[in-house]
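Every chain is numbered from 1 and lettered A, B, ... according to where its sequence line falls, protein lines coming before strand lines.
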Protein chains: 2
Amino acid sequence: MGVVVKMSDVAHEAGVSKMTVSNVINGRPGASDDTRERVLAAVERLGYRVNTTARHLRAGRTGAIGLLVPHLDGPYYAHLAARLDTLARARGHHVIIERTGASREGELEAISPERVRPYDGLVFSPVQLETADLSGIGVPLVLLGERRLAGPFDHVMMDNVGGADLATTHLIERGSRRLALVGGRPDKGVDSMATLRTRGYRQAHSRAGLPVDEQRVVDADSFTTKDGYEAVMRLHREQVPFDGVVVLTDAAAMGVLRALADIGRRVPDDVQVVGFDNDVEGEYLVPRLTTIDPDNDSMAARIMELLFRRVEARAPLTGDAVEVVTSARLVVRESTRPRALA
Amino acid sequence: MGVVVKMSDVAHEAGVSKMTVSNVINGRPGASDDTRERVLAAVERLGYRVNTTARHLRAGRTGAIGLLVPHLDGPYYAHLAARLDTLARARGHHVIIERTGASREGELEAISPERVRPYDGLVFSPVQLETADLSGIGVPLVLLGERRLAGPFDHVMMDNVGGADLATTHLIERGSRRLALVGGRPDKGVDSMATLRTRGYRQAHSRAGLPVDEQRVVDADSFTTKDGYEAVMRLHREQVPFDGVVVLTDAAAMGVLRALADIGRRVPDDVQVVGFDNDVEGEYLVPRLTTIDPDNDSMAARIMELLFRRVEARAPLTGDAVEVVTSARLVVRESTRPRALA
DNA sequence: ATGAAAGCGCTAACAC
DNA sequence: GTGTTAGCGCTTTCAT
């Protein structure tokens, strides 16, 4: 247990040199099948595992990928972190999470040379910072999230517009004509989750040739369950007619469902509801929530692909920045009707 | 930017040897004040930072602390992870999060020699595993959470019993006599958050000489907002009288507050409510939630203290296991009455 | 009080 | 196809 097996032990056991062991372990060519087998057998027998610290020292790397996120309150970034870490491990790295607090100072500190030095690469979800703030960064960097920063940075974002369009179109196809939007927000030039999803809602309407009734577009502070509940209650109080609700998040959709129950409207018979995010809870609600799956897994995969392209090339900023928008998928469950109405 | 300053550069700049630089940097004795100053000046001027990878290689360590948790759904473990990471960094380490999925297989895999090897130490919140499963572990380990495993392991837990007692006693002192317990669970020998907090509720009653009316002890599936809401609705439907509610979690307390509003009972005038966890949201509820603060920060501090005691001694299991119970604190806000009634 | 040498475990570069 | 040499940046040991 206490004994640590090193490469030279394997070399000795297999009757070869350390270098040959290294070559075999790393799948490099230039070792006969015979030698390869003996080495692998020795590795197996001794239970050898490479010392990544030594490998990183030699390679001039640390093995750490920094994930800079505004907060860890919701499940979103926590899940993303877990997913990214799994992917990083497959490449001999690991993910360190740093909270920026969503403030300009917090973000500036997090990307300062001092703090950034220990990382081989960075995944950053910016809230306040602009392109200029990132100019001197000496580390491979992938941007994440709604904010589209011009510049030489790879950027991965979920398809907020397309997803909301998908959700809205689904409700229209299944017979709703007066669609409320819970969490809608006016488009003031700055992209955010809310403005982008609102754009998708409008886009679907215009494609279907349906007008948007502005009194049905209700803002919802922070997209919590409570906000969703109150948004519906407000519509009800003000007697705004609606037969479908597009909700900006599943959390808020939970509140929407409860509110509809409280005011005696059946889902999906009287009102259809569609959420966004595909939170696990949605599957256990009554009725089970139809929602948009932003496919966070493939988002995480794309992020790591882009990041390691640069990490491995040891080139933080080689001109060709890539922008990836991962495609959203509709998950139909019980809060929308099983098929189109006549 | 691209140039990396190493210790030999500093040594050259200060006109001393690497060894002297190392001594100064690490605060070791045996360097004249004069030399020390020159070295520090050189460090400053060149912007030198130690290469932790090299340091760890030399020390035979990795710098990684593994945090093995069942899941990352709620804010609880996410916050803990962030807190632990901050503390670990102060000691030149960092925290890697691993999800076990709360299953026996998941936990066994996570503590397998293969997976554990890359860590200098482990913080583990066990759900299924028993002492025997941890027997051969060759890494410093601190256990975390409700489950009290016999054995040579340090263990840190929050004071669930004391906290619930504190909450219950507070309600009694402020004049409630018929206290409901939302999330209560019968004590079947296996300790869990729910059974421990239930014990505190009973303990406070018996100390105050008050009987516990079992029909007021309501189970709540998974302590979500919805569970809390439904628990109160059930009490209401079954016409169980109550003038105070102890809720096992703040999340559930949110549902309790809404339910009380729905059935027209004023808080704290008709019914007092106290939660547990001191979630940030509690401060923004209407009324603001009185709650128990489990002091997660000092819990995190104790965990790291205990862990590094072993990491630095390079002794995973030196006989003297410590069990720490961090003390809970009452946070009085608006959901309980400002002072004792006559 | 300070320094020189050796080596942590691995791999790039160059023999053989 | 395989081995040898050298060195990544740091710290332990032993001299001075």
Side-chain angles (χ1 to χ4, degrees), chain A residues 2-43 46-64 91-93 117-118 120 311-314, chain B residues 2-40 42-43 46-64 91-93 117-118 120 311-312 314:
Chain A
V3 185
V4 177
V5 181
K6 48 195 167 183
M7 197 178 268
S8 60
D9 298 332
V10 177
H12 184 251
E13 174 82 7
V16 297
S17 77
K18 281 198 298 177
M19 208 45 234
T20 300
V21 177
S22 175
N23 286 332
V24 171
I25 297 269
N26 293 289
R28 281 187 284 258
S32 69
D33 292 356
D34 182 45
T35 313
R36 174 181 265 74
E37 261 176 49
R38 262 186 309 138
V39 169
L40 291 177
V43 165
L46 270 44
Y48 168 77
R49 301 274 296 160
V50 289
N51 177 328
T52 44
T53 304
R55 177 183 284 182
H56 285 308
L57 173 62
R58 184 66 247 244
R61 301 220 190 91
T62 64
R91 304 178 188 246
H93 287 247
R117 177 172 290 152
D120 290 343
V311 170
E312 266 147 30
R314 292 167 184 287
Chain B
V3 185
V4 177
V5 181
K6 47 195 167 185
M7 197 178 270
S8 59
D9 297 332
V10 177
H12 184 251
E13 175 83 8
V16 297
S17 77
K18 279 197 299 176
M19 212 42 240
T20 300
V21 176
S22 175
N23 286 332
V24 170
I25 297 267
N26 293 289
R28 281 186 285 256
S32 68
D33 291 356
D34 182 47
T35 314
R36 178 187 269 34
E37 260 176 47
R38 261 187 309 136
V39 169
L40 291 177
V43 165
L46 271 45
Y48 169 76
R49 300 274 296 159
V50 290
N51 178 328
T52 44
T53 304
R55 201 213 284 268
H56 285 309
L57 173 62
R58 185 65 249 236
R61 300 220 191 91
T62 64
R91 304 175 187 249
H93 287 247
R117 176 171 291 152
D120 290 342
V311 170
E312 266 147 29
R314 293 167 184 287

### Along DNA chain C (nearest heavy atom to each residue), the more 5'-positioned of A54(A) and P29(B)
P29(B)
### Task
When you get a sec, tell me which of dC10(C), dT11(D), dA1(C) is the closest nucleotide to the side chain of R58(B)?
dT11(D)
### Query
When you check the phosphate oxygens OP1 and OP2 of dT2(D), does a side-chain N or O of S32(A) lie under 4.0 Å from one of them?
yes
### Query
Is the shortest side-chain N/O distance from N26(B) to OP1 or OP2 of dT11(D) below 4.0 Å?
yes
### Message
Using OP1 and OP2 only, check whether a side-chain N or O of S22(A) sits under 4.0 Å from dC10(C).
### Response
no
## Note on the structure
Note: for K18(A) and D34(A) on DNA chain D, the residue whose nearest nucleotide lies more 5' is D34(A)
### Summary
Taking dG3(C), dC10(C), dC8(C) as options, the one with an atom nearest any side-chain atom of T20(B) is dG3(C)
### Message
Does dT2(C) have its OP1 or OP2 closer than 4.0 Å to a side-chain nitrogen or oxygen of T35(B)?
### Response
yes
### Integer-rounded Å distance: dT11(D) C1' and H56(B) NE2
13 Å
### Query
Could you give the CG-to-C1' distance, from L57(A) to dC8(C), as a whole number of Å?
9 Å
### Query
Closest approach of A42(B) and A14(B), non-hydrogen atoms and distance?
CB-CB, 3.9 Å
### Protein-nucleotide distance (R55(B), atom CZ; dC10(D), atom P), rounded to Å
9 Å
### Task
Could you please name the option among dT11(C), dT12(D), dG9(D) that lies closest to any side-chain atom of R28(B)?
dT12(D)
### Query
dC10(D) C1' sits how many Å from R61(B) CZ, rounded?
14 Å
Only pairs under 3.5 Å count here: list side-chain donor-acceptor contacts from residues 54-61 of chain B, not counting sequence neighbours, and write none if there are none.
residue, atom, partner, partner atom, Å
R55(B), NH1, N26(B), OD1, 2.7
H56(B), NE2, G92(B), O, 3.2

### Task
Would you indicate, yes or no, if dC10(D) has its OP1 or OP2 atom less than 4.0 angstrom from a side-chain nitrogen or oxygen of Y48(B)?
yes
### Message
To the nearest 0.5 Å, what is the distance between CG on L46(B) and CE on M7(B)?
### Response
13.0 Å
### Closest listed nucleotide, where the reference is the side chain of M19(B) and the choices are dT12(D), dT11(C), dC10(D)
dT12(D)
### Atom-to-atom span, CZ of R38(B) to C1' of dT2(C) - whole angstrom
11 Å
## Note on the structure
Residues at least two apart in sequence or cross-chain that pass side chain to side chain donor-acceptor pair (under 3.5 Å) with T62(A), listed by chain then number, are D120(A)
### Query
Rounded to the Å, how far apart are I25(A) CD1 and dA12(C) P?
14 Å
### Short side-chain N/O contact from N23(A) to OP1 or OP2 of dT2(D), under 4.0 Å
no
### Task
May I ask you to evaluate whether S17(B) reaches the phosphate of dT2(C), defined as a side-chain N or O under 4.0 Å from OP1 or OP2?
no
### Task
Identify whether any heavy atom of G30(B) sits under 4.0 Å from a base atom; if not, whether one sits that close to sugar-phosphate; answer base, sugar-phosphate or nothing.
base
### Query
Can you name the closest pair of heavy atoms from A64(A) and P118(A) and give their distance?
CB-O, 3.9 Å
### Query
For the pair made of CZ in R36(B) and C1' in dT2(C), what is the distance, rounded to whole Å?
13 Å
### Message
With heavy-atom distances below 4.5 Å as the criterion, would you say the side chains of D9(B) and K6(B) are in contact?
### Response
yes
